[in-house]
Amino acid sequence: MKLIKIGGSIITNKNEYLQANFENIKRIAMELSEAKEDFILVHGAGSFGHIKALEYGLDNPTDVLGKEREIARVMHDVLYLNSIILNELINNGIPAISLPPHAIFKPDLDIDVVENLIISGFNPVLYGDGFVWNAKHRIISGDEIIEQLVRSIPIDYVIFATDVDGLFTKDPKVYEDAKFISNIKGGNYDAELLSHDATGSMLGKMKRIENIAKYVSKVLIINGNVPGRIKDALNGKEIKGTVIEA
Ligand code: IPE
């Protein structure tokens with residue numbers, strides 16, 4: 001069993017509210033069907049989640065009171081993206097079933113629900129979502145979901161499909177002299193270099209990835225915008241990407 005995270009930046013146009021990247025979604029659904037490997041899919045929210053979550057002040061944990069409609073709106077929007085993706089997966093012959101995180105976290109992931117689908121021959125699909133518990137709301141990212149999944153379900157390796165070739169010493173979209181990092185073992189990376197990322201978020205993401213790597217043989221960060229890479233990564237072929245091992 002493999003686990004693949006499709007970042008929101010490759011399935012949506014990140015800057016335009018509710019704009020799905022249908023071309024990529026259709027191609028990725030086809031690649032996943034052709035790979036003929038068992039997988040759990042986790043996808044990001046992109047412009048279906050981040051824009052409104054930020055506008056409504058839901059990006060940090062908050063009290064629900066007074067924000068009920070805004071919370072419901074963001075939860076609906078990411079469910080809408082999930083539905084678009086499920087439709088393409090099923091059209092390509094993948095028996096995908098959606099597990100909306102807001103309904104199966106209590107407050108940790110109800111792993112039995114996921115296992116039950118796998119045993120019954122389905123591909124569970126989860127996604128970055130909003131979550132309400134004890135009158136508080138917070139965002140559950142796709143990365144957090146993966147952290148919980150790998151702890152309980154035997155996963156060979158995890159693939160992060162992003163919009164760049166892997167990890168770089170700096171943001172490759174901003175800095176021409178950014179250097180590609182082909183592998184990281186045992187947390188052996190220069191935190192200073194990675195923290196050059198515009199938002200500093202790469203370092204936080206790296207910590208999560210390091211945790212995930214403890215439970216699987218490796219974590220691969222690949223470019224999901226390049227046709228064929230997702231399929232090849234699932235099939236265990238050598239492709240360009242960053243390999244992270246604990
Ligand atoms: C974010 O999920 C969820 C919401 C904003 C509701 P992710 O953090 O997994 O999404 P991407 O991959 O960055 O778009």
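Sequence positions, counted from 1, serve as the residue numbers for this chain. We count ligands from 1, going down the list as the structure has it; atoms in each ligand are counted the same way.
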[atom] - nearest protein heavy atom and its distance:
atom	answer
atom 13 (O) of ligand 1	His50 NE2, 2.9 Å
atom 10 (O) of ligand 1	Ala45 N, 3.1 Å
atom 7 (P) of ligand 1	Gly142 N, 3.8 Å
atom 14 (O) of ligand 1	Gly46 N, 2.7 Å
atom 5 (C) of ligand 1	Gly49 C, 3.6 Å
atom 6 (C) of ligand 1	Ile139 CD1, 3.6 Å

What atoms in ligand 1 come closer than 4.0 Å to a heavy atom of [X]?
X	answer
Asp129	3 (C), 6 (C)
Gly7	12 (O)
Lys5	9 (O), 12 (O)
Gly128	2 (O), 3 (C)
Gly8	11 (P), 12 (O), 14 (O)

Open item on the list: Under 4.0 Å, counting heavy atoms only: does Glu144 come that close to any atom of ligand 1?
Closed with: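 Outside the 4.0 Å threshold, so no.
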Task: Under 3.5 Å: donor-acceptor pair, side chain of Ser152, backbone of Ile111 - done: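 Pair absent, no side-chain N/O of Ser152 close to backbone of Ile111.
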Open item on the list: Check whether Tyr157 reaches the backbone of Ala233 with its side chain - one donor and one acceptor, N or O, closer than 3.5 Å.
Closed with: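 Present.
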Open item on the list: Under 3.5 Å between any N/O of His43 and any N/O of ligand 1: does that happen in this structure?
Closed with: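 Between His43 and ligand 1 (N or O atoms, distance only) the closest approach is not under 3.5 Å.
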Open item on the list: Polar contacts were defined as any N/O atom of the residue lying under 3.5 Å from an N/O atom of the ligand; does this apply to Val74 and ligand 1?
Closed with: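 Looking only at distances, the answer is no, because the N/O contact criterion of under 3.5 Å is not met.
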Task: Residue pair Ile104 / Leu126, side-chain heavy-atom distance below 4.5 Å - done: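 Of all side-chain heavy-atom pairs linking Leu126 with Ile104, at least one is under 4.5 Å.
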Task: Lys136 side chain near Phe131 side chain, heavy-atom distance below 4.5 Å - done: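 Result no, sub-4.5 Å side-chain heavy-atom pair not found.
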Task: Minimum heavy-atom distance between Val125 and His43, given as atom pair plus value - done: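 Here Val125 and His43 meet closest at CG1-CD2, 3.9 Å.
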Open item on the list: For a quick test of reading the model, state the closest non-hydrogen atom pair linking Ile118 to Pro124 and the distance between them.
Closed with: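 For Ile118 and Pro124, the tightest heavy-atom pair comes out as CG1-CG, 3.7 Å.
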TODO: Using the salt bridge (charged side-chain N to carboxylate O under 4.0 Å, His left out) rule, pick out the option among Glu37, Glu34, Glu31 that qualifies with Lys231.
DONE: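 One option only clears the test, and that one is Glu34.
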Task: Cationic tip of Lys67 above Tyr56 ring, under 6.0 Å, 45° of axis - done: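 No.
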- [ ] Following the transitive rule for hydrophobic clusters with a side-chain heavy-atom cut-off under 4.5 Å over Ile, Leu, Val, Met, Phe, Trp and Tyr, establish whether Val150 and Met206 coincide in one cluster.
- [x]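 Val150 and Met206: one cluster.
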